[in-house]
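Bear in mind the structure is a predicted one, so any value in this text is a computation, not a measurement.
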Amino acid sequence: MHLQLLSLAVLAISRITSGAPTCPKYTLIDTRGTFEPQGESIGFKPMINTTLITLPGGTRHDTFYPAAPDATQFTTLIGKNDIERFINSSLAACPTQTFALLGYSQGATVTNEVLRDFAPTSLQGSAIRAVVQIGNPYHLPYKQGNVDENGGSSTAGATGSLASLGITIPDAWYATGRVTDICYTADGVCNGFDASDSLSPAHLEYGFSDSVQNYGAKFLIGKLK
Ligand SMILES: *[C@@H]1O[C@H](CO)[C@@H](O)[C@H](O)[C@H]1NC(C)=O
Ligand SMILES: *[C@@H]1O[C@H](CO)[C@@H](O)[C@H](O)[C@H]1NC(C)=O
């Protein structure tokens, strides 16, 4: 009994000191919206939890960036660089690891920027197996993966409030089927009548909607398994 405990302890120590990286199977890269404090976005907590519990071997990275209000969209470039650095270094250490990108509001803009830099066929792009956007200000009408809060098509034709600035998801990414862009009915940010995140209570509903969270978890699990 004691010997067994001892050998387990030795095993644990030798694993810690051996220096070999433990590679996650996948990482959920979660990018929060304007005004949310650094950390996990309120928009994805239940779907992240369900995915990590259902599919073992995964982990989470909270994109490091200010998420400050910024009409120039400059802060989003800080987030974009954080994600790209993270993916590059993760693939260098663990080449078979995969990723999902989750973006909320300004975080969706950050995610769009990454998708614009990494084509689906690139080394990094092929490792990105799923993209879940919520309240995307660059929502484009009638794209594959557009859904409303019930998984339906009532907002499929919406054009996001900042879409004319052009930081949109490339068509090649929609064509992969790895993207879903969830736009709540009456969320003015993705429906095009509120650029400031502040006029639409529906923009704040995603994290509290069982149907959004269940749909997102199912999408992530289906793509990452
Ligand atoms: C995560 O999911 C489990 C199982 O569904 C649940 O018991 C737990 O409360 C959840 N935790 C959080 C932080 O949501
Ligand atoms: C990630 O790697 C690519 C080459 O595959 C390089 O062009 C790019 O600058 C790198 N990005 C960062 C942020 O390190």
Side-chain angles (χ1 to χ4, degrees), residues 19-33 38-41 43-65 67 76-136 138-140 143-147 167-182 213 215-225:
T22 26
C23 288
K25 280 184 69 176
Y26 66 91
T27 299
L28 305 175
I29 299 179
D30 133 70
T31 311
R32 71 201 195 282
Q38 180 64 44
E40 184 177 12
S41 173
F44 297 111
K45 276 186 180 174
M47 73 172 83
I48 286 176
N49 186 29
T50 305
T51 304
L52 292 175
I53 289 172
T54 310
L55 271 188
T59 183
R60 188 184 96 231
H61 172 77
D62 302 325
T63 303
F64 197 81
Y65 87 118
T76 61
L77 299 179
I78 299 171
K80 177 194 88 144
N81 282 333
D82 178 72
I83 295 177
E84 294 183 358
R85 255 195 321 268
F86 180 83
I87 292 178
N88 279 4
S89 60
S90 299
L91 285 176
C94 302
T96 61
Q97 159 167 203
T98 60
F99 306 90
L101 305 184
L102 290 72
Y104 185 8
S105 196
Q106 186 177 180
T109 305
V110 172
T111 300
N112 293 348
E113 288 170 347
V114 173
L115 299 178
R116 295 172 70 82
D117 279 358
F118 292 156
T121 51
S122 67
L123 178 74
Q124 296 88 343
S126 7
I128 299 170
R129 297 293 164 79
V131 178
V132 178
Q133 302 284 47
I134 55 177
N136 180 6
Y138 294 90
H139 190 275
L140 287 178
K143 295 297 184 184
Q144 186 178 351
N146 283 3
V147 294
I167 311 177
T168 50
I169 297 174
D171 277 338
W173 268 106
Y174 287 115
T176 63
R178 286 181 251 160
V179 175
T180 192
D181 195 337
I182 308 170
Q213 296 299 320
Y215 167 85
K218 207 171 157 194
F219 185 86
L220 288 167
I221 292 162
K223 299 293 177 194
L224 289 165
K225 72 175 184 224

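Contact record, Ala127 with Leu91: CB-CD2, 4.0 Å, taken as the closest heavy-atom pair. Across all their heavy atoms, Ile134 and Ala108 have their closest contact at O-CB, 4.4 Å. When all heavy atoms are compared, the tightest approach of Gly79 to Val110 is C-CG1, 3.5 Å. Of all heavy-atom pairs spanning Ala93 and Cys23, the tightest one is O-SG, 4.0 Å.
With values rounded to the nearest 0.5 angstrom, Asn112 atom CG is found 11.0 Å from His139 atom NE2. In this structure, Gln133 CD and Thr111 OG1 are separated by 4.5 Å, a value rounded to the nearest 0.5 Å. Of the inter-residue distances, the one linking Ile167 atom CD1 with Thr76 atom OG1 reads 5.5 Å to the nearest 0.5 angstrom. Taking CD1 of Ile221 as the reference point, atom CE of Met47 lies at 10.5 Å (rounded to 0.5 Å). To the nearest 0.5 Å, atom CG of residue Leu77 and atom CG of residue Asp82 are 12.5 Å apart. Here the CZ-CG distance, from Phe99 to Leu224, works out to 11.0 Å after rounding to the nearest 0.5 Å.
Put simply, the residue from Thr51, Asn49, Leu220, Asp30 that forms a side chain to side chain contact (heavy atoms under 4.5 Å, CB included) with Phe44 is Asp30.
Between the side chains of Gln213 and Thr50, no donor-acceptor pair of N or O atoms lies under 3.5 Å. At a cut-off of 3.5 Å, with distance as the only test, a side-chain donor of Arg32 or Gln38 sits close to an acceptor on the other residue.
For Thr31, the side chain to side chain donor-acceptor pair (under 3.5 Å) partners are Thr63, not counting sequence neighbours.
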Identify all side-chain donor-acceptor contacts of residues 169-177 below 3.5 Å with residues at least two apart in sequence or on another chain.
unit_1, atom_1, unit_2, atom_2, d
Asp171, OD1, Lys143, NZ, 2.7
Trp173, NE1, Leu115, O, 3.1
Trp173, NE1, Phe118, O, 2.9
Thr176, OG1, Trp173, O, 2.6
Thr176, OG1, Arg178, N, 3.0

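One N or O on the side chain of Thr180 and one on the backbone of Gly145 form a donor-acceptor pair closer than 3.5 Å.
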Worked check of side chain to side chain contact (heavy atoms under 4.5 Å, CB included) between Gln124 and Asn88: CA-CA 7 Å; Gln124 296 88 343; Asn88 279 4; 2.9 Å; yes

Please walk me through it: do Val114 and Ile29 pass side chain to side chain contact (heavy atoms under 4.5 Å, CB included)? CA-CA 11 Å; Val114 173; Ile29 299 179; over 6 Å; no

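The aromatic rings of Phe86 and His61 sit parallel to each other, their planes meeting at less than 30°, with 60° as the upper class boundary.
Residues Tyr26 and Leu52 meet the side-chain proximity criterion, which asks for heavy atoms closer than 4.5 Å.
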